[in-house]
Structures are given as C-alpha cells and as structure tokens.
Amino acid sequence: MGSWVGGDRDGNPYVTKKITEQSLEIYSKQIINIYMDKIKKFSEEFSFSTSYIKTPKKLNQRIDEYSKILKKEYSHYAKVNFDEPFRIFLSLVFHRLENFQEKNSGYQSFDEFNSDMKLLDFSLRESLNITRHDNSFSKFLEYIDVFEFHGVSLDIRENSKVINNPQLYQKQNLEFIKVLESISDWKNLYGSKVINSIILSMTKSDSDILNLFKLSKRHIKSSKDIPMIVPLLEEIDDLQNSEVFLDQLLSNNGYRKHINIYHDSTQEIMLGYSDSNKDGGIISSQWNVYKAQISLYKKGEDHNCNIVFFHGRGGTISRGGGPTYNSILSQPEGTISNQIRYTEQGEVISDKYSTANLAKENLKLGIAAFLSASSTSLKNNKKEDALIEELSISSLKKYQDLISDKNLMTYFEKVTPVKLLSTLNIGSRPSKRSSESTIDSYRAIPWVFGWAQTRQTLTGWYGAGTAVLESIDKNGLKTVQSAYRNSPFLKNLISNIEMTVVKSDLTISKMYIDQLLDDKHKYLFDEIVTESKKVIKAIKLVTNNELLDDNPILRNTLQVRNAYLDPLSLIQILLMKKLSNKDITDEERTALLLSINGLAAGLRNTG
C-alpha cells in the first residue's frame, strides 16, 4: 500500500520536509495502534504456564532487560502473570510500542520491535515444538514485514524543473534536499520500505533522471537508501519519445549499476493520463500510453531490465479512471510481468474502500485481473493497431481544433466555476501553474473538474465521434466492429467513452451557456453539441446497441441521480450569474461553494 499524501511536492509549496515528517508520524501511529491491538490478543492467547513449558533462555534474558527500563510495568505483570513468561513479554512489548520515540522505555526503531517479534516466533517454536506455519503468529509476522512502522509506503514527488534549475527554484530545491537528507534516518526509524520511490514529474529526458540520481547520491547517506527513482511520462510528446528516453537512461553505466545492485535490475515508470488527455483528448491520450508501454517494455528487454508500470489513474475516465478490472485487462498483452502499480484518487477511495467488504472485493478484482494479465505474452495486432492509430490521429486533430480556439478559455472560465476552486478545501495543489489563463497553465484536475461541474464532461469523449465515424466511412462498419470485438483496449476505451457521454447532460449545460456566456462565444457550445451527437451515433453503430444497454443498473442509477443533481445545477447557475454581476451576498457565495461540493459529491468522478 502506498500514498503520496504528505510527499507530493509538485506544485504545492506547503508540502515541506516538516509536513512530510508529520505525515510519517501520523501513518506510524495508525499502524502501531493496530500492532498494539494485535499484541493484546496474542497476550491473551499465549498464556502458557511454566508448569507445562520450558521458557527459552533468550526470552528470559529479554524480559530481564526490559524489567530494568519498564520497572513499574514489569513489577505489575510479574505478580499478575508470575508463571506466564510469554504474556509478561508481550505486555512489556505493548508498553514499548505505546512509548515509541517518546521515552527511553519505548522502541527507538522498527528493527528493535522486529527483533522482539522474531525472538517471540523462535521461542514459540522452541517451547511448543511447532513449525512457523502452524502457529497463529505467523500471519502477524508477514503483516509487520510489509507494513513495518510506517503502514503505507510514502512516495516523494517533485517536478523536474526544481531539480534542473536550482537557482530559479532555490527555495523548493533546498527544501527538497532536506527531504533527501532525512531519508536514511526515516528508514532507520520506520523501516526500510518507508519511502517507496521518488517520482519526477514532467520527465522529458534521461538527463532529468540522472540529475536527480546525482543529487540523491550527494545527499542520501547511503546508496542502498536511495529509493526507486521513477520518471513520470505525462505529455503526449514524452510518451511518443519514451523508447529513446529509456534507451539512453539504461545505457548510463553508473545508473544501470545502481538499479542492478539495489533494485534487482528493475525500473519503475509512471504513466500519466491527465496531462496527455488535456493535450490530446481521450483517444490520443490513452492510445499513446498504450503504445508507450509496449515500446518501453521491449526496450527494457533489450537491456535485460524488468520494467514495472505505475498507472497514474485519476477518478475520471479522462484521467485514466474507470473500472480497475477492465483497465488492467486492457493493458498491452505481455507487458505486465511480476507487478503493477496504480493510483486510486479522490472520491474513488471512499467508493471502493470505505468498508472492509468493499475494499476486499475491489482488491480481489484487481488481483484477479493482474493474475490474468500477467500470464499473457506480447502479441502483434497490426490490423487493429493500425485502425486505432487512425482514430488517435483523427481525434487528436478534432480535439486540438477545439482547445486551440482563441475564445475557449473565455468560455471555460465564464461558464464553469473553475475560478472558485482555489477557495474550496479540495484538491492537492493550486489550480494553475501560473496566473495566465491558458490551457497550459491549468492543471489537469481543475480542467476536468470545470467541465464536469457544468455537465459537459467533454474531456472524456470529445473528438471520439468524429474519429470513429471517419473510420467507418474509410474502412467500413464491419471492419471497425471487428476491431472493437478483437481489441480489449478499444473495447474498454469505447465502453468508457460511452459511460462518460451518458453522464453528460447538455440540456443542463445549455442553461449555463444561456445565462453566463456572451452570444459571440456560443458557437463553441454548438460545436460541442455536434460532436456529442457524433459520439452517440458512433457508439451505437460500433456496439450495435443503445447506450448502456449492457449496463442497465448504471443507466437507471444515472436517471435517478440526475433528479437530485439538476436542482443543484440550477442553483449554481443562478448564483454564478449573481457573482458575475457582482450582486452576490456572503450567504449566497457560501451557497455557491456548497453547490460545487454538492455536485462533485453527486457526480462522483469529477476530477
């Protein structure tokens, strides 16, 4: 289990070394509390009397050692449990956990606790003559081997510009160096897996990774403590250039020697869906991620290096979201070897993991898909791939025609409540990279969020209708339907586009347009409506079904949901109109912000 809450510095000036430290303390307290509950239960279970068993010498020595630093506690347990050494030992372990880092009587590192657990395991086997796998304690040992004293493993994330331009980003660079200098101490305190990786956003070339590698060698005490350095390839140009990038990186002798020794000849690569979608639309984004995986995996094989993919999936379809099971099975066959990583973000976390049963079922789905996908081998699907390449090029052109329109940003900022996001306590970083009102300056999450709030959701479907209909005209309907049936990637993509276009409601969207937009900009909405009709027509032709015919539960759910969301949208339109006229009271402004939260909660996958 991983997290970058407290470690994601990219674009967020408030994530300092101190914040990362405080986050690690919170994670640590959570897992230690779980350990304390477990220790209590084992203390009740392991009530073996010295009348029936012989206490191992090493266990007695450890109890004697702890009797000196936990005098009051030992005195109590020695009277109450005088002939139960295992119970006495576990009770003292409980207090050492309770006092972790706070007193001399507490554990000062994970290794100390781990040593006690190994001693207890040895003592149980020696006293009771049982094998490790026969006793109830063995699963707990596996548990602590995974979670150590940190619980989740933290990913540190930084932007490549901070590494490459230390003079320009001096404050951020110095703060990042403080984080690097603390990693060895954190590993000693919380366990070796406390920091899983350092992810470098906006990786453009091998020099970005090598610069970070050099900085890590300079400021992390030992090479063995340098976490996996993970490039994040997130723009379409970078995805298309990924094979050259990896070839140059793995050809660097110093870097290659390091990952051979310390990372078992494995290189993790994170694939970004968000910025590539903002650049090129849904089909081009996901197809370029797909192709990059094949190129990267093959290049890894050329270098005898195992490539592991980390999918940076957001909550929405346009940011790589959607059903996890289908998503994993639609990855290129043969590119999933012994592991896969993917993110679960935002409202998806509560949707999938808010209860134990939900979490268990969703994890089972992910594992089942992984086991199925990891048993496949690389295949050459030239016919289907050529058709999808055509779809990608055509949809990219259509999408970029829209986003390159000089009036689009005026449309976006007037019609959507995106400018209000900075006043809400949602999102992990500022909405924009700079004060400019451009596509490039907006981050992917608010870009998706704004379109979703107004029920247009075009980031999940725009360009797809034009591309598919053009392909049908060129190749024939049967050819496109055959590609849809035979390509898991295309089938999953069309399914996700279908779901997203059904979730849009351009009747509601038109109310935003009528109330908030000047007449001279309304032609943009007309283009969006036209493309929406093309998407719906294309999906019906390719699937030979009405929309969501294969998912009646979702279709009915959306119909019920809209009855509750529509009034919220109408309230939001009214209040946004008052805001634009500078005729809004404080109470109404609060209501406007609440409408944003309400729609986000109701729409569920909003960004």
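When a residue number appears, it is its place in the shown sequence, counting from 1. Everything numeric in this text was worked out from a predicted model, so none of it was measured.
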> Taking it one step at a time, do Leu358 and Ser354 satisfy side chain to side chain contact (heavy atoms under 4.5 Å, CB included)?
Replying inline: CA-CA 7 Å; Leu358 264 179; Ser354 55; 3.7 Å; yes

>> Check for me whether the distance between the ring centres of Tyr442 and Phe412 falls short of 6.0 Å.
In response: yes

Testing the basics here: between [X] and [Y], what is the closest heavy-atom pair and its distance to 0.1 Å?
X      : Y      : answer
Leu250 : Arg256 : O-CB, 3.8 Å
Leu296 : Glu243 : CD2-N, 4.4 Å
Leu408 : Ile403 : CD2-CA, 3.4 Å
His263 : Ile226 : NE2-O, 3.3 Å
Ser23  : Gly6   : OG-CA, 3.3 Å
Phe176 : Ile163 : CE2-CD1, 3.4 Å

Keeping [X] on the side-chain end and [Y] on the backbone end, is there a donor-acceptor pair under 3.5 Å?
X      : Y      : answer
Glu148 : Ser192 : yes
Asp264 : Thr266 : no
Asp8   : Trp4   : no
Ser487 : Tyr484 : no
Glu531 : Thr466 : yes
Asn486 : Ser482 : yes
Thr543 : Ile539 : yes
Ser182 : Lys178 : yes
Ser404 : Gln400 : yes
Glu234 : Met202 : yes

Side chains of [X] and [Y]: closer than 4.5 Å at any heavy-atom pair?
X      : Y      : value
Leu239 : Leu271 : yes
Glu389 : Lys291 : yes
Leu246 : Ser242 : no
Val230 : Arg341 : no
Asn241 : Asp238 : no
His150 : Tyr27  : no

> Can Asn252 and Asp206 be counted as having a side-chain donor-acceptor contact under 3.5 angstrom?
Replying inline: no

> Without hydrogens or angle criteria, can the side chains of Glu235 and Ser276 be said to hold a donor-acceptor pair below 3.5 Å?
Replying inline: no

>> Under the ring pair (Phe, Tyr, Trp, His ring centres under 6.0 Å) test against Phe149, which residue among Tyr190, Trp186, Phe110 passes?
In response: Phe110

>> If you apply the rule salt bridge (charged side-chain N to carboxylate O under 4.0 Å, His left out), what do you find for Lys221 with Asp185, and how did you get there?
In response: CA-CA 9 Å; Lys221 293 176 184 176; Asp185 293 335; 2.7 Å; yes

Taking everything shown except [X] itself, do over 12 heavy atoms lie less than 6.0 Å from its [atom1]?
X      : atom1 : result
Gln22  : CD    : yes
Lys397 : NZ    : no
Lys193 : NZ    : yes

> When you look at Glu158 and Ser201, which way does the side chain to side chain donor-acceptor pair (under 3.5 Å) test go after all the steps?
Replying inline: CA-CA 6 Å; Glu158 186 55 277; Ser201 299; over 6 Å; no

